[in-house]
Number of protein chains: 2
Amino acid sequence: MPINNRQIIYANTPSPAIDPSLTNGTFKLNASTIPDNVPADKILVRAHYLSLDPAMRQWLTAKRSYIAPVERGHVMRGQSIAQVVAVGDSLKTQYKAGDWVIAYSGWQEYATLLPKEAQKVVVPPGCQPTDAMSVLGMTGLTAYFGMMEIGQPRKGDTVVVSGAAGATGMVAGQVAKIQGAKRVVGLAGSADKCEFLRRELGFDAAINYKDADWKKQLKEATPEYIDVFFDNVGGEILDACLSRAARDSRFAICGAISQYNAKNPTGPASFMNVISQRVTMKGFIVFDFAKKYPAALQDLGTWLAQGKLKRKDHIIKGGLEAAPQGLVNLYEGANTGKMMVEVTPLSEALGGKAKL
Amino acid sequence: MPINNRQIIYANTPSPAIDPSLTNGTFKLNASTIPDNVPADKILVRAHYLSLDPAMRQWLTAKRSYIAPVERGHVMRGQSIAQVVAVGDSLKTQYKAGDWVIAYSGWQEYATLLPKEAQKVVVPPGCQPTDAMSVLGMTGLTAYFGMMEIGQPRKGDTVVVSGAAGATGMVAGQVAKIQGAKRVVGLAGSADKCEFLRRELGFDAAINYKDADWKKQLKEATPEYIDVFFDNVGGEILDACLSRAARDSRFAICGAISQYNAKNPTGPASFMNVISQRVTMKGFIVFDFAKKYPAALQDLGTWLAQGKLKRKDHIIKGGLEAAPQGLVNLYEGANTGKMMVEVTPLSEALGGKAKL
């Protein structure tokens, strides 16, 4: 019998900000059905937690990028932590109902997927299924590779992370600390976030970039300049950090959330310091390091279990239709930690083992 | 008997453009004398050709940079091709009158220097003394290391060079071609320069960035995007090349001449492509590669002698006092090739072997 499904469809190009309204906004809600007789080579999954990611804004722009844009009229792209509800005949040895998967299911409640679109989540001791979408998933891996491969903090280094209270930034700063950096400084958008970074995550300093004197604070917090900058924000923050770049510093360019919704993006005005301080700036996408995921997950999982690496999730209630507003809030910095939408309450999970 | 000397003194901070007037401008002329009884550990040199370099503008700015700024009231810093006129007693086995040296003598006719400030010029067959200040000197080495160490052009690559008709740019483009790049494209500021790049230096394409449709021309000239960009210009040109960056491209950031005199420098607005295309941008200063100079000069000298690498000098007549206006003209792109000022005519050279 077909299952009732609800989907969020990409409807209108943002101009340039996302309009979260589900009537004539960027997205629209679509009610449909999905067959419960699954094809032999597929599985049917039900989404519980939807990932909201800064990169999503760029997926809505029809420009050359690292991934094809989402087409208008299609379900919005996104990862979820989902549970298998039915398995095609040829996959019964691989999956069973109740399995947790990290799914490329998009913004919808149910999806029929190929195995490559739904990796089973192995939950290490002390971890939880949603970790596969954050600290042991894309955001954690992004932080890990940007810091380990590009930033390469050494003992004695000063490391600065922007968007430091976000899902990626908080892992990046902690990885730098675990690697022995002398001084880890976070930039974040509220006093509470800064307090969290210092108290909970052990950052040496945290600066609220909404303070009037934040540039002065940055200067004081980096008396030996900046050896490694992990940037999630771009714009004025990248500029300020360039003006504090140390000789031979490494700038891992992960994101530029301040620019994604900008009509006229701006580049770093202090760009000339790239020359005088011999800065290496390298942009990266986590996919480039796919071959190294297993070793990275081993490290991250170990650190998490040991308590050296702390996680923080920001879960939005309200079901699928809360996703558009959640995404807008993400760009406004509403979150501390990984932002996700609860699509289906855990009380509806199969098997009753869904303790998160 | 003291020798009459003339010097150009750095007098007033540019605001932000250099004022070439020698009365109340950025510089002033100073008449003085210099003793002809040379201290035992020094040599007395007479400058023939003074080097004019884009970097000079930054030496006049009291900001953290790769080199201390010139102090007001001091002789303007600069290299020259000079001839030894007198030798201190302890250096008579090293130098003799008539030797050509590349000298850190500054903007003056005569200077008393330590040996480390005046390297003897060895002129390879087919070369000339002034080559030690251009293609076999700082500009040639800058081009060489930026291209070989950062750009690393591979067969099949598209290489773009900005400021391509300048002393550094023209060598950078030729080195890329010698290294087997598929397509070398130059950006320059006049139709004549573009013609020179195509006809004389073998660039595959050359674009006049003063043409109204230069961005369209750049797009057409880089159908497979840009794998290597050697940038001397910054600003809008860097931005346009970022928008054409190929996946995993390398941007060697050598200079930003468009920004040196800018009151409000601007960064590349297309900076986000650094992420999506995984661009590596690396700033560099030629001094960083000092240990590799001998091998580089071997390559450059060989290519020059073989005719694979072509030189071009732009010599300004009018003596020492022509230097300030020459420097202003350099920022306006008046030169094709290495700009230098003839301080002392060759007819006054010692020994009569000064064929250039």
Side-chain angles (χ1 to χ4, degrees), chain A residues 54-55 57-59 61 63-67 142 146 149-150 225 231-232 234-236 238-239 242-260 262-289, chain B residues 54-55 57-59 61 63-67 142 146 149-150 225 231-232 234-236 238-239 242-260 262-289:
Chain A
R57 174 63 187 82
Q58 289 184 285
W59 301 346
T61 303
K63 274 179 77 171
R64 184 170 66 108
S65 190
Y66 68 97
I67 195 170
T142 298
E149 302 272 337
I150 299 169
Y225 298 102
D231 191 19
N232 293 301
E236 203 182 358
L238 170 57
D239 188 45
L242 259 178
S243 78
R244 298 294 299 160
R247 169 87 190 268
D248 295 322
S249 48
R250 288 81 65 199
F251 277 45
I253 310 297
C254 176
I257 196 169
S258 70
Q259 303 296 309
Y260 297 161
K263 214 163 200 139
N264 298 303
T266 54
S270 301
F271 192 80
M272 278 194 287
N273 272 25
V274 171
I275 305 171
S276 66
Q277 302 307 323
R278 292 78 148 171
V279 180
T280 302
M281 305 183 90
K282 178 140 182 59
F284 70 101
I285 302 285
V286 64
F287 309 153
D288 302 344
F289 303 99
Chain B
R57 174 63 187 84
Q58 290 183 285
W59 300 347
T61 304
K63 275 178 77 171
R64 186 170 66 109
S65 188
Y66 67 97
I67 195 169
T142 298
E149 302 272 337
I150 299 169
Y225 296 102
D231 191 20
N232 294 301
E236 204 183 358
L238 170 58
D239 188 46
L242 260 178
S243 78
R244 299 294 298 160
R247 168 87 189 268
D248 295 322
S249 47
R250 287 83 63 200
F251 277 44
I253 309 297
C254 176
I257 196 169
S258 71
Q259 304 295 306
Y260 297 161
K263 217 165 197 132
N264 299 303
T266 54
S270 301
F271 192 81
M272 277 194 287
N273 273 26
V274 170
I275 306 171
S276 66
Q277 303 307 322
R278 291 80 147 173
V279 179
T280 302
M281 305 182 92
K282 178 143 183 53
F284 70 102
I285 302 284
V286 65
F287 309 152
D288 302 344
F289 303 101

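Naming: A, B, ... by sequence-line order, numbering from 1 per chain.
If you measure heavy-atom distances from B/Tyr66 to chain A, the contacts under 4.5 Å come from both the backbone and the side chain. In this structure, the portion of A/Ser243 lying under 4.5 Å from any heavy atom of chain B is its backbone and not its side chain. Using a 4.5 Å cut-off between heavy atoms, B/Arg250 makes no contact with chain A at all. Within the 4.5 angstrom heavy-atom criterion, no atom of B/Ile150 approaches chain A. With a 4.5 Å cut-off on non-hydrogen atoms, B/Asn273 touches chain A through its side chain but not through its backbone. Heavy atoms closer than 4.5 Å to chain B are found in both the backbone and the side chain of A/Gln259. If you measure heavy-atom distances from A/Thr266 to chain B, the contacts under 4.5 Å come from the backbone alone.
Using a 4.5 Å heavy-atom cutoff, the side chains of B/Ile257 and B/Asn232 are not in contact. Put simply, the side chain of B/Thr61 does not reach to within 4.5 Å of the side chain of A/Met272, judged on heavy atoms. Using a 4.5 Å cut-off on side-chain heavy atoms (C-beta onward), A/Gln277 and B/Arg64 make contact. Side chains of A/Arg247 and B/Ile285 form no contact here, defined as non-hydrogen atoms less than 4.5 Å apart.
Of the options A/Leu238, A/Val274, A/Thr280, A/Asp231, a side chain to side chain contact (heavy atoms under 4.5 Å, CB included) to A/Phe251 is made by A/Leu238 and by none of the others.
For the options B/Ala55, B/Cys254, B/Gly234, heavy-atom pairs under 4.5 Å to chain A are most numerous at B/Cys254. Your options are A/Pro265, A/Ser270, A/Gly235, A/Ala262, and the one with the most heavy-atom pairs under 4.5 Å with chain B is A/Pro265. Put simply, of B/Ala269, B/Pro268, B/Gly255, the one with the most heavy-atom pairs under 4.5 Å next to chain A is B/Pro268.
To the nearest 0.5 angstrom, B/Leu242 atom CG is 8.0 Å from B/Ser249 atom OG.
Across every non-hydrogen atom of A/Arg278 and B/Phe284, the tightest pair is CG-CA, 4.1 Å.
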